[in-house]
Amino acid sequence: MNRQRDDAMSTEFSIVTIVKRRTQQLSNLISSIERSTVQPKEMVIVWMAPPSDESLLSSEQFPIVHRFAASEELPIPKARNRGFDTCKTDKFIYLDVDCICPETLLDDLTKSLGVGKVVTANVSQLEQKVVNIDERYLQSLVAPNVTAPEKVPFINFDTNIFGITRIDYERVGGFDLDYHGFGIGDLDFAARCSKAGLYLLNTGKQVFKQFHAHYNPPVNHLCDIVANAEVFKQKWGAYPTCDMFSQFAELGLINQDYEQEGMRVMRLVTDEELAKYLVKESDEDATPAIDLAQTA
């Protein structure tokens with residue numbers, strides 16, 4: 001009997017997500033979790049905004065715990081840590097607010113998760129906002145993205161979706177609060193996971209990522225990214241491998257010789273560039289847009 005209770009406890013898990021304004025995406029995420037073949041013991045939502053009617057969301061399937069981290073414009077590392085620190089179980093699944101989970105995804109992730117490894121899944125990007133979250137419908141919108149499980153290097157770490165045990169999260173020390181705003185903090189977390197001897201397992205399963213308007217490259221976060229890149233270099237001795245650095249250099253936003261001379265902002269983004277690099281959903285078959293240009 002005790003063994004049965006231990007087995008039941010070992011399957012318990014918590015879900016963590018952070019959000020600022022994308023409440024429609026959050027609603028879709030919660031609905032997809034409610035359809036899952038396994039249910040979390042709790043979902044912890046950390047709001048990077050003051051309390052509001054939206055931060056009273058609840059579910060009949062599982063408890064939702066609301067926490068807040070609104071001390072700065074986009075306190076991503078602090079919000080993630082607050083979510084993990086709130087969890088009552090020993091298995092954590094982090095889901096970006098844009099995720100929509102297939103029915104068996106959480107079961108597959110939690111069964112694969114154990115001490116010494118971080119688990120993840122393939123991310124299938126939707127090109128337009130959706131209201132219908134039926135798995136077969138979503139699958140019709142994207143190319144199949146299911147593969148065999150494999151160990152992958154931490155350079156492939158993606159904070160859209162990952163699972164980690166409490167033991168490993170505490171050993172790594174969570175997300176470094178020296179990073180502020182958007183960018184690079186997730187690469188630091190991956191580097192520390194690797195240094196701690198963990199390995200990254202891609203389960204081969206699929207998660208859908210909802211569309212939201214964004215900038216490509218993320219020129220709207222230029223100053224955050226440059227400041228965080230310098231924090232990373234001071235800590236690790238070199239800049240992380242990141243395509244957006246070369247894109248910024250080509251646009252003249254940072255110095256071309258940043259690897260030798262240190263990275264600095266050369267000029268700010270113009271309104272015309274912001275308009276040029278804003279990626280919006282296509283009009284074809286698109287559902288009504290909500291909260292267009294947001295960061296979390």
Side-chain angles (χ1 to χ4, degrees), residues 12-22 25-26 29-30 33 40-51 54-55 57 62-99 106 109-110 113-120 154 157-198 200 221 224-225 227-232 234-236 240 294-296:
E12 290 183 346
F13 66 99
S14 303
I15 289 175
V16 174
T17 192
I18 66 175
V19 63
K20 189 165 188 179
R21 292 182 291 262
R22 292 208 289 274
Q25 287 91 339
L26 177 62
L29 169 60
I30 293 171
I33 296 170
K41 184 176 179 64
E42 62 189 348
M43 180 178 188
V44 180
I45 300 174
V46 183
W47 294 84
M48 296 180 290
E54 285 80 10
S55 55
L57 284 170
F62 46 82
I64 296 182
V65 180
H66 296 276
R67 292 290 184 265
F68 298 88
S71 57
E72 55 190 272
E73 177 64 22
L74 204 59
I76 292 175
K78 182 181 292 186
R80 286 171 174 161
N81 286 349
R82 184 154 297 172
F84 289 126
D85 291 342
T86 299
C87 293
K88 297 176 181 177
T89 75
D90 292 325
K91 288 186 175 183
F92 309 151
I93 303 294
Y94 180 87
L95 294 171
D96 186 273
V97 68
D98 293 325
C99 287
L106 296 176
L109 287 174
T110 54
L113 180 57
V115 175
K117 59 183 171 181
V118 178
V119 299
T120 187
F154 266 104
F157 179 73
D158 188 336
T159 49
N160 280 296
I161 177 170
F162 69 93
I164 190 169
T165 65
R166 177 184 297 277
I167 289 174
D168 288 333
Y169 169 78
E170 292 178 349
R171 176 158 51 135
V172 171
F175 285 82
D176 192 331
L177 298 181
D178 286 339
Y179 297 90
H180 296 278
F182 180 91
I184 313 302
D186 52 345
L187 302 178
D188 175 88
F189 182 78
R192 285 187 291 122
C193 285
S194 181
K195 185 178 179 180
L198 310 184
L200 182 61
H221 295 299
D224 278 355
I225 291 168
N228 287 338
E230 286 301 310
V231 172
F232 189 98
Q234 291 172 16
K235 186 173 180 179
W236 296 98
Q294 298 177 5
T295 52

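Both backbone and side-chain heavy atoms feed into the values below; hydrogens, waters and symmetry mates do not. Keep in mind the model is a prediction, meaning the values are calculated, not measured.
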query = R80 and T159: side-chain donor and acceptor closer than 3.5 Å?
reply = yes
query = Does a donor on one side chain sit under 3.5 Å from an acceptor on the other, for N81 and Y169?
reply = yes
Heavy-atom side-chain contact between [X] and [Y] under 4.5 Å:
X	Y	value
D98	N160	no
Y94	I164	no
E12	K91	no
V231	Q234	no
K20	I76	no
D176	R192	yes
L106	I15	yes
K195	V172	no

request  = Tell me, please, which residues at least two apart from S55 pass side-chain hydrogen bond (donor to acceptor under 3.5 Å, both in side chains).
outcome  = none
Quick check: closest heavy atoms across [X] and [Y], and the distance to 0.1 Å?
X	Y	answer
F232	P240	CD2-CD, 3.3 Å
A191	W236	CB-CZ2, 3.6 Å
I33	P40	CG2-CD, 3.8 Å

Hey, what do you get for [atom1] ([X]) to [atom2] ([Y]), rounding to the nearest 0.5 Å?
X	Y	atom1	atom2	value
I93	T120	CD1	OG1	9.5 Å
H221	I184	NE2	CD1	12.0 Å
K41	F13	NZ	CZ	11.5 Å
E42	T89	CD	OG1	6.0 Å
C87	F92	SG	CZ	5.0 Å
F162	L113	CZ	CG	11.0 Å

key: Stepwise side-chain contact (heavy atoms from CB on, under 4.5 Å) test for V65 and M43   = CA-CA 6 Å; V65 180; M43 180 178 188; over 6 Å; no
query = Any donor and acceptor pair, going by atom type alone, linking the side chain of H66 with main-chain N or O of V44 inside 3.5 Å?
reply = no
ask   = Given L26 and I45, is the side-chain contact (heavy atoms from CB on, under 4.5 Å) satisfied, shown in steps?
value = CA-CA 9 Å; L26 177 62; I45 300 174; 4.0 Å; yes
remark   = Exactly one candidate in D186, D224, D188 meets side-chain contact (heavy atoms from CB on, under 4.5 Å) with Y179; the answer is D188
request  = Look at the rings of F84 and F175 and say which category their plane angle falls in: under 30° parallel, 30 to 60° tilted, over 60° perpendicular.
outcome  = parallel
task = Any chance you could lay out the side chain to side chain donor-acceptor pair (under 3.5 Å) test for S71 and K78, step after step, and finish with the verdict?
result = CA-CA 9 Å; S71 57; K78 182 181 292 186; 3.0 Å; yes
request  = Indicate yes or no: does D85 engage R82 in a salt bridge with an N to O separation below 4.0 Å.
outcome  = no
task = Give a yes or no on whether the ring-centroid distance for F157 and F189 is below 6.0 angstrom.
result = yes
I167 atom CD1, over 12 foreign heavy atoms within 6.0 Å = no
